[in-house]
Colleague: 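Before I ask anything, here is the structure I am working with.
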Amino acid sequence: MNSQATLTIRRPDDWHVHLRDGAMLAAVAPYTARQFARAIVMPNLTPPITTVAAATAYRERILAVSGAGFEPLMTCYLTDDADPAEIVGGFEAGVFTACKLYPAHATTNSAHGVTEVANIRPVLAAMERAGMVLCVHGEVTDPAVDVFDREAEFLDRVLAPLLREFPALKVVLEHITTAEAAAFVAEGPPTLAATITPQHLHLNRNALFAGGLRPHHYCLPVLKRERHRLAVRAAAVGGSGKFFLGTDSAPHRVGDKESGCGCAGVWNAPFALESYAAVFEEEGALERLEGFASEHGARFYGLGLNEGTVTLRREVVEVPERVGDVVPFHAGERLGWRVAG
Ligand code: DOR
Ligand code: ZN
């Protein structure tokens with residue numbers, strides 16, 4: 001194994017993050033801004049971000065707490081009555097970078113999501129013409145489908161027809177968790193890419209039940225069995241430009257996680273790059289971390305690469321059990337790299 005003491009890479013971006021709002025925003029945004037130059041900010045607030053005005057105001061609230069040198073890339077939450085002119089106008093004005101498709105009731109704050117892709121055909125056609133990216137939460141919501149099968153079902157039932165109907169639309173299948181999704185993206189058209197979270201690289205579904213119920217490992221899409229984790233790992237470290245970093249960092253207060261009906265979401269922002277570095281090192285692929293973290297996403301979105309670098313130093317990092325009112329990913333564990341500075 002390579003035992004280099006430091007690893008310097010081009011400054012990375014996070015192509016999928018939940019920064020929340022209010023006190024939680026102020027508490028969590030600096031952790032993302034410390035590591036990442038830019039981030040695709042999810043719009044699932046209450047109420048969701050559906051207008052240019054709401055996105056502009058949210059962007060200002062983020063910048064007020066993130067510190068200098070961080071660029072939030074805003075997304076528009078798609079609803080059944082989303083307005084193509086508002087969305088493409090916001091894209092052309094530089095406010096929206098992408099839209100987010102949540103199937104209604106698929107996950108946290110998705111009640112206003114899309115009930116049928118057919119309802120947003122005019123929006124998707126306008127996005128396709130404008131060159132705007134569609135970010136997709138890829139799970140069917142049919143209660144008859146087993147929760148562990150909802151991503152794989154989505155590929156055939158929803159994503160394949162969508163790609164056929166809008167062949168030039170750029171689509172990011174967010175937070176992939178299955179061998180089926182990894183293969184679907186790898187074999188799909190160049191307009192299709194995927195983000196991958198740290199937790200789906202580190203954990204399989206046994207982690208949800210290790211010695212008892214583990215609410216801090218619960219996120220959506222839920223962790224899958226080991227063969228899926230290995231397939232997603234292979235996709236992440238394989239060097240393909242179709243796979244890139246998206247943490248899906250999703251903080252919830254400890255009481256909302258440790259509950260009779262706990263919220264879905266893993267807060268991985270504090271040690272995100274360290275967590276990915278551990279995976280790439282275990283796979284003997286540290287030299288490919290830079291592509292995954294700092295190049296593939298920007299190229300897919302058609303944005304420039306960042307200037308500047310970050311350095312990871314080989315050092316034992318003890319991850320705290322709590323940061324404020326939130327439990328971080330890897331709580332109580334040790335990681336082998338630290339982002340310097
Ligand atoms: O685990 C998740 N948490 N998955 C999502 O899709 C949403 C997110 C959140 O907003 O908490
Ligand atoms: Zn998310």
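One-based numbering, in listed order, for ligands and for the atoms of each.
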Colleague: Quick one: are E151 and E180 in side-chain contact, heavy atoms under 4.5 Å?
Modeller: no
Colleague: Test of understanding: given a 4.0 Å heavy-atom threshold, classify the contact between R20 and ligand 1 as side chain, backbone, both, or neither.
Modeller: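 Only the side chain of R20 comes within reach of ligand 1.
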Colleague: State whether the shortest distance between N or O atoms of V266 and N or O atoms of ligand 1 falls below 3.5 angstrom.
Modeller: no
Colleague: Look at the aromatic rings of W15 and Y301 and report parallel, tilted or perpendicular, splitting at 30° and 60°.
Modeller: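 Aromatic pair W15/Y301 classed parallel.
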Colleague: To which protein heavy atom is atom 5 (C) of ligand 1 closest, and what is the distance rounded to 0.1 Å?
Modeller: T107 OG1, 2.9 Å
Colleague: Considering only heavy atoms from C-beta outward, does the side chain of F148 approach that of K224 to under 4.5 Å?
Modeller: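 Side-chain contact under 4.5 Å: yes.
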Colleague: Tell me the protein heavy atom at minimum distance from atom 3 (N) of ligand 1, and give that distance in Å.
Modeller: A264 O, 3.0 Å
Colleague: Taking 4.0 Å as the limit for heavy-atom contacts, which would you say applies to M42 with ligand 1: side chain only, backbone only, both, or neither?
Modeller: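 Contact part for M42 vs ligand 1: neither.
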Colleague: Using a strict cut-off of 4.0 Å, indicate which atoms of ligand 1 neighbour a heavy atom of C219.
Modeller: 1 (O)
Colleague: So is K257 actually on top of Y218's ring, under 6.0 Å and inside 45° of the axis?
Modeller: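 Because its charged atom misses either the 6.0 Å distance or the 45° angle limit, K257 does not stack over Y218.
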Colleague: Just to verify, which of H175, H200, H137 counts as forming a ring-ring contact (aromatic ring centres under 6.0 Å, His included) with H16?
Modeller: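 Exactly one pass, corresponding to H175.
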Colleague: Would you say H252 has any N or O atom under 3.5 Å from an N or O of ligand 1, going by distance alone?
Modeller: yes
Colleague: Taking the side chain as every heavy atom from C-beta outward, state whether E165 and L124 have any atom pair closer than 4.5 Å.
Modeller: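 Not in contact.
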Colleague: Indicate whether the side chain of T8 and that of T311 have a donor and an acceptor atom separated by less than 3.5 Å.
Modeller: yes
Colleague: If you have a sec, read the angle at the Zn ion (ligand 2) from D248 atom OD1 over to H18 atom NE2, to 10 degrees.
Modeller: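 Once rounded, the angle between the two atoms at the Zn ion (ligand 2) is 90°.
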Colleague: Numbering the atoms of ligand 1 from 1, which are under 4.0 Å from a heavy atom of H137?
Modeller: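 Listed by number with element: 6 (O).
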Colleague: How far is atom 1 (O) of ligand 1 from the closest protein heavy atom, and which atom is that?
Modeller: L220 N, 2.8 Å
Colleague: Run the side-chain contact (heavy atoms from CB on, under 4.5 Å) test on V17 and M42 for me, step by step, so that the C-alpha distance in whole Å, both residues' side-chain angles and the decisive distance to 0.1 Å come before the verdict.
Modeller: CA-CA 6 Å; V17 68; M42 288 296 126; over 6 Å; no
Colleague: Can you tell me if, anywhere in H16, an N/O/S atom lies at a distance from the Zn ion (ligand 2) that is smaller than 2.8 Å?
Modeller: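 Yes - counting backbone and side chain alike, H16 has an N, O or S atom under 2.8 Å.
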Colleague: Could you tell me which atoms of ligand 1, counted from 1 in the order shown, lie closer than 4.0 angstrom to a heavy atom of A250?
Modeller: 3 (N), 8 (C), 9 (C), 11 (O)
Colleague: How about E174: does one of its N, O or S atoms come closer than 2.8 Å to the Zn ion (ligand 2)?
Modeller: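 No, outside the cut-off.
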Colleague: Measure up the W267 and Y31 rings against each other and bin them: parallel (under 30°), tilted (30 to 60°), perpendicular (over 60°).
Modeller: perpendicular
